[in-house]
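One structure is given below, encoded as structure tokens.
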Amino acid sequence: MVDFNKIAKKWQNRWEKDNIFATKISKNKQKYYVLEMYPYPSATLHIGHLRNYSIGDCIARFMRMNCFNVLYPMGYDSFGLPAENAAIKNKADPREWTESNIKAIKRQQKSIGLSYDWSREIASHRESYYKWNQWIFLKMFEKGLAYRKKSPVNWCPSCKTVLANEQVIDGKCWRCSSEVEIKDLEQWFFKITKYAKELLNDLDKLRDWPEKVKIMQKNWIGKSEGTLVNFKLKDTDENLPVFTTRPDTLYGVTFMVFAPEHPKVLELVKGTKYEKDVKKFINEVVIKEKFERTSEESEKKGMFIGKYAVNPLNNEKIPIYIANFVLLDYGTGMIMAVPAHDQRDFEFAKKYKIPIKVVISSSDFDLNEKKMDRAYIGEGKLINSGEFNGLNNKDAIDYITKYIEKNKLGKKTVQYKLRDWLISRQRYWGTPIPIIYCGKCGVVPVPEKNLPVKLPKDVKFTGEGNPLLTSGSFVNVKCPKCKGEAKRETDTMDTFVDSSWYFFRFCDSKENKLPFSKGAEYFMPVNQYIGGIEHAILHLLYARFFTKVLRDLKLTKVSEPFTRLLTQGMVTKDGAKMSKSLGNVVDPSWIIDKYGPDTARLFILFAALPERELEWNDKGVEGSFKFLNRIYNLVNDKPKFRKDINNKDKFIISKTNSTIKQVTEYINDFKLSLAIGSLMELVNSINRYKKQEVNEKIYHECLKDLILLFSPFCPHISEELWEKIGNKNYISMEKWPKFDSNKINKKAEELEELLHNTISDINEILKLINKKAKKVIIYSIPKEKSLFNENKELLEDELDLEIQVYAVNDKDKYDPSNKSKKAKPGKPAIYIE
RNA sequence: GCGGGGGUGCCGGAGUGGACAAACGGGCUGGGUUUAGGCCCCAGUGGCUUAGUGCCUACGCAGGUUCGAAUCCUGUCUCCCGCACCA
């Protein structure tokens with residue numbers, strides 16, 4: 001038995017010793033940047049990782065063999081909740097915990113022979129990386145792209161800490177099961193909305209992105225055109241801006257609704273008799289109805305908050321409500337409600353007995369406020385609308401908007417569903433936000449020369465509040481401006497910040513004057529990005545946003561980071577996503593231990609097309625292992641050689657060549673499982689071919705091409721076989737075989753198939769009738785008759801029978817009583833005597 | 001709930017208007033090799049029927065478009081991904 005693990009180790013050591021996968025800037029070679037989404041460093045590799053890397057390494061090796069200067073790096077997305085949880089739970093030091101995880105996963109990555117340039121490794125928790133997060137933050141702050149505003153968080157009153165959505169289970173804290181509350185905090189945002197238009201429009205440029213991802217991003221950005229109307233808070237000058245696509249119904253507004261979690265709401269009810277109920281309502285809606293509240297059918301719930309607004313067109317006094325169906329995220333987080341002409345508003349008005357006012361008349365029926373049983377959303381002429389009466393409502397949209405703009409009551413605007421990116425996290429294990437608060441000078445950015453703001457080590461992980469607050473040395477600082485006593489910002493950055501530009505850093509991972517420089521100029525954009533479909537929106541959108549910001553900071557010329565995108569499907573088990581809580585996570589290391597890395601890689605790639613979801617089942621692992629053995633034995637077995645060239649040789653040349661064409665195309669299209677299927681067919685053909693004497697030169701040519709084609713999938717065994725057939729160089733650095741259309745011989749391939757099928761059929765029949773036969777009569781179509789005759793001896797040898805061949809329309813030999821004479825192309829009728 | 005995908009033989013999965021009972025593998029059955037087993041090699045594998053031929057049925061379910069549908073449309077069930085503090 002061949003020890004594939006030993007072979008793997010041998011070649012991994014040699015690759016490392018000769019450092020063959022290190023990449024440099026090269027003027028003579030075209031660059032190609034392949035990147036897998038860098039992983040969160042968990043201690044063990046799972047099936048999804050294996051799939052991700054096997055795909056990436058296959059592409060990287062393929063492109064390298066196609067003479068590109070391939071950049072293929074690896075790093076770790078190493079900030080985040082799990083390290084902090086480990087610190088709280090096991091008193092582990094997050095730094096040590098993370099580094100030891102990185103060590104563990106890296107060892108496993110190395111064990112599968114991925115052709116990374118390890119010298120470029122980065123990890124986002126290291127100062128040399130997160131320093132640049134801070135640097136970029138400061139640049140964005142200067143440009144007004146980083147700003148502070150109030151925003152609600154999940155708050156556990158008993159743990160006195162902010163909870164991630166993941167930590168809220170059925171409205172309760174995951175640790176202590178207390179009811180979670182909503183609390184407003186002043187937090188940092190990135191102004192991604194400033195780039196909404198470009199992020200939307202540039203999707204069209206991404207020709208090599210999956211359509212589904214582009215659609216999801218488009219819907220997420222969610223552009224809509226409408227009018228911003230400023231209502232006034234009654235008896236004040238304060239504006240309450242409302243976004244509407246229906247300014248034509250402005251005279252029909254009978255109430256206004258805020259999203260319950262709108263920061264303004266608590267301000268408005270503070271100290272009033274409504275305060276207590278409002279707070280209760282907010283918690284209920286925001287936490288428990290997180291998604292369900294957007295349903296058209298779900299029950300409309302709300303309450304009056306004791307304040308009024310003023311309609312800017314007719315100065316009517318309008319009561320202000322809060323309700324579950326209004327979302328903070330969309331528009332301005334408040335709406336004008338027109339119950340007569342909007343179904344949701346109508347239902348709400350009916351329930352809370354709010355007046356309904358018709359402002360659009362229908363030509364089909366009389367609309368009566370008291371009798372209406374649903375909103376009228378059709379077209380019509382404006383009524384009860386002052387000077388706009390009589391206008392068609394579609395035209396009125398324009399007229400009224402113009403009127404509003406003229407009188408400075410609002411403006412025409414484009415609204416996006418996309419909202420600014422909240423980057424503040426009240427946690428330890430992330431990049432400190434480089435800001436200092438001074439009583440005198442206000443918000444003061446940390447001067448660039450003082451970067452990085454390092455994460456302190458004198459902190460306590462109690463599970464209560466942000467650990468950073470427990471470090472006096474971190475919190476208490478001198479103001480950089482006035483040198484007075486000041487406090488440091490204790491929020492850290494969302495880990496999505498780290499992953500939004502790491503692909504630039506790989507190009508210049510050791511650069512220490514800038515986040516990146518010349519290397520990025522040469523290597524960016526990423527030609528091929530590979531990662532899970534679950535990142536289709538957030539990560540990819542943030543990375544696109546950052547790239548545009550960095551471009552506007554003149555750090556790069558690139559506008560889009562990823563030219564081509566492959567979103568790999570999830571690996572599921574028992575019909576469900578693999579997760580720790582379900583206990584169905586599969587660790588592939590046993591496959592590697594038992595069969596070696598090549599088998600593991602081959603199997604995961606062969607199991608399904610990369611883009612598709614894959615239901616995990618390890619039953620087929622044996623099959624991939626068998627295939628490796630077949631290739632290995634094929635190369636090691638020496639057939640008998642001869643000098644002349646016959647049809648069989650022509651066939652195998654042709655077959656090898658069509659396989660080159662097919663495998664190349666398949667890899668280009670990511671149809672990796674199909675590429676492996678073609679290789680399996682080729683191996684079958686060569687095995688059959690070498691049963692008899694073969695032409696030595698041709699046989700070796702075919703083997704050579706086969707191993708080359710196979711090497712991106714199973715590099716270790718390919719190196720071994722490459723050496724065995726007498727090569728001194730690395731196959732990893734060898735050139736990809738070229739398809740030669742002159743070598744294609746369709747006739748030879750068809751003939752081979754025809755003869756092979758015929759022999760199989762005859763054997764099958766012999767077996768069925770279970771008797772000795774002397775003679776086989778083949779009725780073929782006339783075109784194929786000569787083929788059979790030419791190969792009669794060969795067939796006779798193989799079958800040990802006498803062969804007679806007739807064409808079906810050969811009248812002399814045609815026996816009408818015999819129904820066996822029907823023949824099809826490629827499938828002759830067979831008669832056995 | 002909203003947005004995006006998927007459902008094909010015993011199993012993993014190819015096939016996205018005709019050439020397809022369905023690539024390639026697994027499993028199973030039979031044969032070869034072997035003292036035997038394993039490995040390996042070859043073949044078969046929806047149902048019925050004749051050795052050859054032919055018929056029927058199948059692509060979650062129900063309809064529709066088409067000369068023709070797994071493939072296009074409509075409805076429906078179900079699973080997966082995302083929903084902005086998991087990464």
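Each chain gets a letter, A, B and so on, in the order its sequence line appears, and its residues count up from 1.
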When A/Ile537 and A/Ser78 are each assigned the nearest nucleotide of RNA chain B, the 5'-most assignment goes to A/Ile537

Is the glycosidic angle of B/G9 within 90° of 0, making it syn, or outside that range, making it anti?
syn

Between the side-chain atoms of A/Arg427 and the base atoms of B/C85, is any donor-acceptor pair under 3.5 Å?
yes

Need one value for A/Trp220: base, sugar-phosphate or nothing, where a base atom within 4.0 Å counts as base even if backbone is also close, heavy atoms only.
base

Mapping A/Glu211 and A/Asn154 onto RNA chain B by nearest heavy atom, which one lands closer to the 5' end?
A/Glu211

With a 4.0 Å cut-off, would you call A/Lys191 and A/Asp420 a salt bridge?
no

At less than 4.0 Å, is any side-chain N or O atom of A/Arg612 found next to OP1 or OP2 of B/A14? Yes or no.
yes

B/A14 to B/C20 separation - C1' atoms, rounded to the nearest Å
12 Å

Would you please say whether a donor-acceptor pair under 3.5 Å links the side chains of A/Arg630 and A/Asn684?
yes

Can you figure out which of B/C42, B/A87, B/G4 approaches the side chain of A/Phe496 most closely?
B/A87

With distance as the sole criterion, do the side chain of A/Gln426 and the base of B/C85 form a donor-acceptor contact below 3.5 Å?
yes

Contact list please: residues 80-89 of chain A against RNA chain B, heavy atoms, distance less than 4.0 Å, in numerical order.
A/Gly80, A/Leu81

Less than 4.0 Å between a side-chain N and a carboxylate O, is that true for A/Glu84 and A/Arg427?
no

Base B/C83 paired with A/Glu534 side chain (donor-acceptor, <3.5 Å)
no

